[in-house]
Amino acid sequence: LVRSTTGVLAGVARASVKSPRASMETLSIALNEEEGHWAVRSSAANALGEIGNLSPRQASEAFEELSPRAQDANRYVRFSVMNALRKLVKKAPRHAEKTLKAMLAACNDRDKYVRLIAINTLGELAPLVPKQHASILKALLTACQDSYGDIRIAAITALGKLVEYVPEYVPVAFEAMLKRYTIDRIPGMRKTFTKSLERLVSTKALAAVLPKIQGMCKAQDARLRALGIQILGHVVSVDHKRATELLPVLLHAADNRDWSGELTKVAVEALEKLIRVAPQHAAAILPVLMKARVDDRFSSPKYAALRALKTLAKVAPAHATTVFKALMEALQRAKNISYRCAIISALAEVIAVTPQHAPALLKHITSTIKDDLAKALDAEMHKIKVGRQRLKVKNRKILAEYSTSGLNRYKDLLQEVLEALVKLCQVAPQHAAQAVELGLHLTTKGYNFDVYKLTAQALVRLLQIAPQHTEEV
């Protein structure tokens with residue numbers, strides 16, 4: 001009976017477009033059924049939040065019906081009421097004060113999920129209740145100390161939204177976020193904290209917290225140092241005039257190796273953002289990036305340096321030849337096939353600025369496909385063939401799914417290299433004949449369908465550049 005009733009109430013909400021008055025009367029009876037099952041009251045509250053085409057008077061009536069149920073004995077009903085109020089206030093913003101009052105009370109609810117939805121709603125209410133920002137700030141600062149991790153994350157997110165409308169709260173919010181970040185090690189905290197800080201430094205009150213962010217870059221905690229560098233990169237992207245001021249800090253961080261490579265990675269990413277807005281500093285940044293792409297023993301800084309060098313070549317063409325030679329040197333020294341393919345992909349972007357180096361790059365692409373990727377794919381195909389012969393018929397499907405995982409890894413690398421091959425031919429069409437020959441070589445190898453499909457797609461794009469090879473393909 002309860003399941004049937006809740007289903008009917010959901011149908012009432014869907015039918016409310018034609019007759020919102022009748023729908024509200026039905027839902028009001030179900031919502032106030034004291035002796036009924038809690039699921040009926042919960043479904044009625046949810047359905048009230050879903051009603052559309054409400055007039056201002058009807059929206060007021062919906063708020064009046066829902067508000068008393070915010071103190072319902074059942075936690076699921078209280079959660080549904082909060083959710084309905086959250087939806088209704090978007091349709092009727094003039095009731096934001098009433099909604100805020102209910103949400104502030106719900107921040108002290110004994111159920112963690114009710115508190116969570118209340119905190120999330122406070123961040124959305126900030127632009128609707130300009131006179132109540134102090135109350136929202138107080139509630140969010142308290143929520144930052146909540147015992148439930150998701151509520152602390154939600155509070156930090158809401159603080160980031162609040163300071164966009166009230167820049168004078170930036171110092172207080174920054175201190176609360178920083179204190180929470182140094183204590184919390186829960187998953188998702190760093191990502192949430194970074195996003196909120198980026199919102200915070202995008203406000204007019206940046207000058208008040210910039211010295212503290214620079215102080216984070218000198219902290220003993222490696223996590224804090226990496227976060228400070230990351231935020232400085234965002235500062236540069238939103239305030240171009242500070243590029244010269246923050247350049248020495250970022251250069252020192254990128255050149256200062258840490259035990260995990262994370263600091264170097266975020267510093268290189270920050271330098272990439274600085275290059276985009278201040279290409280005049282390319283000469284100072286180039287040596288640091290070249291050192292990171294070779295000397296670092298961790299993979300993440302190397303890949304970040306490749307992306308930064310590619311960006312530098314585009315925004316500062318005067319250094320493109322130096323970047324190309326540095327990447328070619330790294331390609332010759334690299335032993336890891338994934339890193340080799342990443343370098344080729346970066347070189348394909350740089351070649352647009354230095355087309356005279358296309359023959360040298362084509363030579364390496366050919367050797368990588370024929371000598372590295374083709375041999376690796378052949379080895380994976382051999383493993384699959386031998387394994388299928390050894391196993392019984394009923395286990396062949398399991399083996400095929402397991403064995404093709406290695407094939408798919410090399411397939412992704414092949415896609416990266418074929419994309420670089422097409423970009424090269426777009427810049428230097430005279431090399432299309434060699435590229436087509438390379439593609440046709442792959443189609444005769446008998447790999448799985450995905451590899452064949454990638455090769456065929458690359459050949460089609462090459463024919464758009466050099467249609468004279470159509471008959472051959």
Side-chain angles (χ1 to χ4, degrees), residues 9 13 16 20 23-25 27-34 36 38-52 54-148 150-159 161-162 165-166:
L9 291 174
S16 64
S23 299
M24 281 191 60
E25 291 175 357
L27 295 174
S28 176
I29 294 171
L31 184 65
N32 293 293
E33 187 62 40
E34 292 284 355
W38 63 264
V40 176
R41 298 198 302 277
S42 176
S43 297
N46 282 326
L48 273 172
E50 297 292 340
I51 292 180
L54 288 177
S55 65
R57 183 178 177 182
Q58 290 168 341
S60 298
E61 292 176 2
F63 274 98
E64 293 299 329
E65 293 289 346
L66 286 167
S67 295
R69 282 296 156 200
Q71 306 299 325
D72 195 280
N74 186 275
R75 58 184 177 135
Y76 296 108
V77 177
R78 297 199 302 274
F79 179 87
S80 297
V81 169
M82 293 299 139
N83 193 33
L85 289 173
R86 183 183 187 181
K87 293 176 181 178
L88 281 174
V89 77
K90 295 177 182 178
K91 303 172 187 176
R94 67 192 188 93
H95 295 287
E97 294 277 355
K98 294 181 181 178
T99 306
L100 176 64
K101 185 178 179 181
M103 295 301 166
L104 289 174
C107 287
N108 299 314
D109 196 278
R110 58 185 177 275
D111 183 72
K112 60 185 179 182
Y113 296 107
V114 176
R115 298 200 303 275
L116 179 61
I117 195 169
I119 294 298
N120 283 326
T121 308
L122 287 179
E124 299 170 1
L125 289 174
L128 304 177
V129 285
K131 296 181 180 180
Q132 300 294 332
H133 286 157
S135 302
I136 295 176
L137 177 65
K138 183 179 179 181
L140 294 179
L141 292 176
T142 303
C144 286
Q145 312 298 324
D146 197 280
S147 59
Y148 186 46
D150 284 355
I151 292 179
R152 299 198 296 273
I153 289 177
I156 287 177
T157 303
L159 276 173
K161 295 178 181 178
L162 177 64
Y165 303 100
V166 198

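Quick caveat, the model's predicted, so the values are computed rather than measured. We count residues from 1, following the sequence as given.
One distance of note links CD1 of Ile153 with SG of Cys144; it measures 11.0 Å at 0.5 Å rounding. The OG atom of Ser147 lies 11.0 Å from the CD atom of Gln145; values are rounded to the nearest 0.5 Å. Rounding to the nearest 0.5 Å gives a distance of 10.5 Å between CZ of Arg41 and OG of Ser80. The structure places CG of Leu100 at 10.0 Å from OG1 of Thr121, a figure rounded to the nearest 0.5 Å. Rounded to the nearest 0.5 angstrom, Lys161 NZ and Asn120 CG are separated by 7.0 Å. For the atom pair Thr142 OG1 and Leu137 CG, the distance stands at 9.0 Å (nearest 0.5 Å).
Closest non-hydrogen pair, Arg75 versus Val114, comes out as O-CG2, 3.8 Å. Contact detail for Leu66 and Ala84: the closest heavy-atom pair is CD1-CB, 3.8 Å. In this structure, Asp150 and Leu116 approach most closely via the heavy-atom pair O-CD1, 3.6 Å. Minimum heavy-atom separation, Ile119 to Ala154: CG2-C, 3.7 Å. Of all the heavy atoms in Asn74 and Trp38, the pair that sits closest is ND2-CG, 3.4 Å. When every heavy atom of Arg86 is checked against every heavy atom of Val89, the shortest pair comes out as O-CG1, 3.3 Å.
Below 30°, between 30° and 60°, or above 60°: for Tyr148 and Tyr113 the angle between ring planes is above 60°, a perpendicular geometry.
No more than 12 heavy-atom neighbours from other residues, nucleotides or ligands sit within 6.0 angstrom of CD on Gln71. The neighbour count for Lys101 NZ, taken as heavy atoms of other residues, nucleotides or ligands under 6.0 Å away, does not exceed 12.
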task: For side chain to side chain contact (heavy atoms under 4.5 Å, CB included), just list the numbers for Lys112 and Ile151, CA-CA rounded to whole Å, side-chain angles, deciding distance to a tenth of an Å, and then say yes or no.
output: CA-CA 8 Å; Lys112 60 185 179 182; Ile151 292 179; 4.2 Å; yes

Q.
I'd like to know whether Met103 forms a side chain to side chain contact (heavy atoms under 4.5 Å, CB included) with Leu85, so could you lay out the CA-CA distance, the side-chain angles of the two residues, the decisive distance to 0.1 Å, and finally the verdict.
A. CA-CA 9 Å; Met103 295 301 166; Leu85 289 173; 4.1 Å; yes

Practice item. Dump the intermediate steps for side chain to side chain contact (heavy atoms under 4.5 Å, CB included) on Leu140 and Ile156, then the final yes or no. Key: CA-CA 8 Å; Leu140 294 179; Ile156 287 177; over 6 Å; no

ask   = Which is it for Arg115 and Asp146 under the side chain to side chain contact (heavy atoms under 4.5 Å, CB included) test, yes or no, and what are the steps along the way?
value = CA-CA 10 Å; Arg115 298 200 303 275; Asp146 197 280; 3.0 Å; yes

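Judged by distance alone, with hydrogens and angles left aside, the side-chain atoms of His133 form a donor-acceptor pair with the main-chain N or O of Ala126 at under 3.5 Å.
Between Val129 and Glu97 the shortest side-chain heavy-atom distance falls below 4.5 Å. A 4.5 Å side-chain heavy-atom check between Ser42 and Asp72 finds every atom pair outside the cut-off.
Looking at Arg78 and Asp111, no side-chain N of the basic residue comes within less than 4.0 Å of a carboxylate O on the acidic one, giving no salt bridge.
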